[in-house]
Protein chains: 2
Amino acid sequence: MTLDKRKSQILESIIRDYVDTAEPVGSRSIVKKHNLKISAATVRNEMADLEEMGYLEQPHTSAGRIPSQVGFRYYVDCMMQKETLDDSELDLLNRILNENIGEWSDVVGRVGGFLSQITNYASFVIVPSIKLSEFKNIQIIPMSDRTAMLLVVTDVGVLMHRKIDVPPAVSAEELQLIGRAFTRVLSGTKLEEIRRNELKALREELKNRRKVIDSVLEAVEIMMQGCRDESVVISGALNILNEPEFKDLDKLKRILTILEEDVLLKQILPDTVSEEVNITIGNENKAEDIKEMSLVVAGYNNFGEMGKIGVIGPVRMEYWKAAGTVESLRNILDQVLNKKYF
Amino acid sequence: MTLDKRKSQILESIIRDYVDTAEPVGSRSIVKKHNLKISAATVRNEMADLEEMGYLEQPHTSAGRIPSQVGFRYYVDCMMQKETLDDSELDLLNRILNENIGEWSDVVGRVGGFLSQITNYASFVIVPSIKLSEFKNIQIIPMSDRTAMLLVVTDVGVLMHRKIDVPPAVSAEELQLIGRAFTRVLSGTKLEEIRRNELKALREELKNRRKVIDSVLEAVEIMMQGCRDESVVISGALNILNEPEFKDLDKLKRILTILEEDVLLKQILPDTVSEEVNITIGNENKAEDIKEMSLVVAGYNNFGEMGKIGVIGPVRMEYWKAAGTVESLRNILDQVLNKKYF
DNA sequence: ATTAGCACTCAATCAATGAGAGTGCTAACA
DNA sequence: TGTTAGCACTCTCATTGATTGAGTGCTAAT
């Protein structure tokens, strides 16, 4: 169902005003503010219609109207124009991205920070696990006479390192050889495809140094567990303190708790995220805890797996700005990643 | 100046009750609650004295008394008994510490988490910069035909890694040789003591591979900048949402902002921290923003430099518990560190 | 179909009131 | 002289009632 032009205009005016002020919008005030060519009474009639259709609601009889979640949905689906980054924002983004970038996680952190800063909502970036990347090189560096540092390098430049114990009798050269043997066997293998039997063969081959091998295998095992999970970067969680709908401390606490804890945040995201910007409004969210929040999420391509980037804010959200910004940053991430980090 | 026994007892009762309830404490209620052998009227007289001395104050005439900051100070200095961890808490701590510890920063994170969990205040751990540690090993691992991974291992097991660009003509063996040359020159040198002239000599020695050398030098430079700063781990910032004194959103926001931002947190800490547990109450803090918070901090010995661990909470704080817990965990960190990570 | 006019509704604000908690003071008591 | 009971007094907090004002819905006129 689609609205006639005048109804659309009124709905949009109400949405803009309400998002701006967080107050119910009256017929008189929108006529004045957007100097419409019709009278307040006419607007009232249209508003009554829109309410009947479910796009507006009234907190109480003598208040103005506020957009319902259905109203926001209609706006997002049928009327919204995404508002992309303006020049000064692009400029800021470029400056942020060009400052001496160390690691990939650094880029993600900065893009997330930028997103929350521009939209004034909490932002999150989800980086998929790296199980699809490949082993590249394995090194064992002696540290003391009983310990060594195990280094694992993969093709996406992510590196795992861990202390291992070694018998004092093993020399630095031997450790190097063992590292090379591992590199030979594992190089090019995807992390999730380690074959037990390959490792077993290796264990046979180097049976005079079985203790070292076992230490290495154990360490690799633990590292694999550690990087099986996707990682989550959250920025600007405190932005919700500015939203009047969260002046209630209990609500605030519930939301902030979610925004502080990686695991909880992952749980509230929609299961399927495409590369398109995806918006879920209030009750459309599966998770009970955020039925009064909206999500704007897009997927990006991270070494063959889908990462996610987005913002979370009140239902009364500037969807146009949020959607545009998320879209732009999704593209940036894709771009940076396609330049291949290595 | 020291208080007589009865005044002490009354002051302590008031502090305990006030810390517990956040409400002014009346004469009648403390006689009942702590079944004192004296009448409410007597207590009233003593309270009037304590108020005159500055240890108590009255929000308004017909309310009970609350401890003043001076009162808390007197309590902390002259009466407080630190409350150490009980058995179940020690048990929990051990379980937390023994779960498969990966890196040193992991230990710090867990200890901080434990601290905030036990005290119900926000906790922080400051880990000094590692400029005192020594280079141990430098490796250059080829990644693609134009890039390589530079690995720097130090004696505290902290490792820096960074992508560098290399000319396509340089072979893996050459990279290895260059790494070894660096290792030879820098091994055993403290991070802060890198001599420019040593590096210059190295640059001469390997002058046919000057491009690689320059990449490495640049990367090391950047890495050095990155680890010049101490790092900060904050846990349980949201605990202050439970404190009734922060029901005011503005206050809340000011405090949470500090607790979210490493840099800000560092600024509010007292300049000199000894190994002893150090308590600053309300106005004793130098930073304007936390004049209504208290800090309980202790130093610990981190590879020759002073790290800090502590909690931050309302002036109405369970100092006895906080001080005991901070002291215990300070000791734990010292212990773990003295077992030498390598 | 649109608009002006008007009666009506309801939340928000403010002042007045009363209850309750707690004090300070006085006088009696040990 | 220190302690206690008793009582008047103070001040906050919660409740109530009146007032205000923004905004609506309806009706009648355009």
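Quick note on labels: first sequence line is chain A, next is B, and so on, each numbered from 1. Being a predicted model, the structure only gives us computed values, none of them experimental.
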Can you tell me how far [atom2] of [N] sits from [atom1] of [X], to the nearest Å?
| X | N | atom1 | atom2 | value |
| --- | --- | --- | --- | --- |
| B/R65 | C/dG22 | CZ | C1' | 9 Å |
| B/N45 | C/dT23 | CG | P | 11 Å |
| B/Q58 | C/dA21 | CD | P | 17 Å |
| A/I10 | C/dT2 | CD1 | C1' | 13 Å |
| B/L56 | C/dG22 | CG | C1' | 14 Å |
| A/Y18 | D/dG23 | OH | C1' | 17 Å |
| B/R6 | D/dT1 | CZ | C1' | 12 Å |
| B/I66 | C/dG22 | CD1 | C1' | 15 Å |

Exercise for the section: Please collect all side chain to side chain donor-acceptor pair (under 3.5 Å) contacts where either partner lies in residues 61-71 of chain B, sequence neighbours excluded, each pair once. Expected result: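 Pairs touching residues 61-71 of chain B that pass the test: B/E51-B/R65, B/Q69-B/N283.
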
Above 12 or not: heavy atoms from other molecules or residues under 6.0 Å from [atom1] of [X]?
| X | atom1 | value |
| --- | --- | --- |
| A/R254 | CZ | yes |
| B/K32 | NZ | no |
| B/E276 | CD | no |

What are the atom names and distances for every N/O pair under 3.5 Å that joins the protein to nucleotides 28-30 of chain C?
none

Problem - Partners passing ring pair (Phe, Tyr, Trp, His ring centres under 6.0 Å) against B/F72 (at least two apart in sequence or in another chain) - result: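 For B/F72 the ring pair (Phe, Tyr, Trp, His ring centres under 6.0 Å) partners, ignoring immediate neighbours, are B/Y319.
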
Any N/O pairs under 3.5 Å between the protein and nucleotides 5-12 of chain C? List them or say none.
from	atom 1	to	atom 2	distance (Å)
C/dG5	O6	A/R44	NH2	3.4
C/dT9	O2	A/S62	OG	3.4
C/dC10	OP1	A/T61	OG1	3.4
C/dC10	O4'	A/S62	OG	3.3
C/dC10	O2	A/S62	OG	3.1

Practice task
Give a yes or no on whether a salt bridge exists between A/E245 and A/K251, defined as a side-chain N under 4.0 angstrom from a carboxylate O.
Solution key: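 Salt bridge between A/E245 and A/K251, a charged N being under 4.0 Å from a carboxylate O: no.
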
Exercise for the section: For D/dT3, take OP1 and OP2 only and decide whether either is under 4.0 Å from a side-chain N or O of B/T42. Expected result: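 For B/T42, the contact criterion (side-chain N or O under 4.0 Å from OP1 or OP2 of D/dT3) is not met.
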
Handout entry: Neighbours of DNA chain C within residues 23-36 of chain A, by heavy-atom distance under 4.0 Å
Key =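 None, since no heavy atom is under 4.0 Å.
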
Practice task
Determine the minimum heavy-atom distance between A/G112 and A/V125, stating which atoms define it.
Solution key: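 Distance-wise, the nearest heavy atoms are CA-CG2, 4.0 Å.
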
Practice task
For residues A/T119 and A/L115, report the shortest heavy-atom separation together with the two atoms involved.
Solution key: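 Residues A/T119 and A/L115, closest heavy atoms: OG1-O, 2.8 Å.
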
Which pairs would a plain distance check flag for residues 9-19 of chain A, meaning a side-chain donor or acceptor within less than 3.5 Å of a matching protein atom at least two apart in sequence or in another chain?
from	atom 1	to	atom 2	distance (Å)
A/S13	OG	A/Q9	O	2.9

Handout entry: Reported OG1-to-CZ distance for the pair A/T325 and A/F114, which is rounded to 0.5 angstrom
Key =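 It is 7.5 Å, given to the nearest 0.5 Å.
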
Exercise for the section: Taking A/N285 for its side chain and A/M293 for its backbone only, find out whether a donor-acceptor pair lies under 3.5 Å. Expected result: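 Answer holds: yes.
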
Practice task
Find which nucleotide of DNA chain D each of B/E46 and A/G64 is nearest to by heavy atoms, and output the residue with the more 5' nucleotide.
Solution key: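 The residue closer to the strand's 5' end, by nearest nucleotide, is B/E46.
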
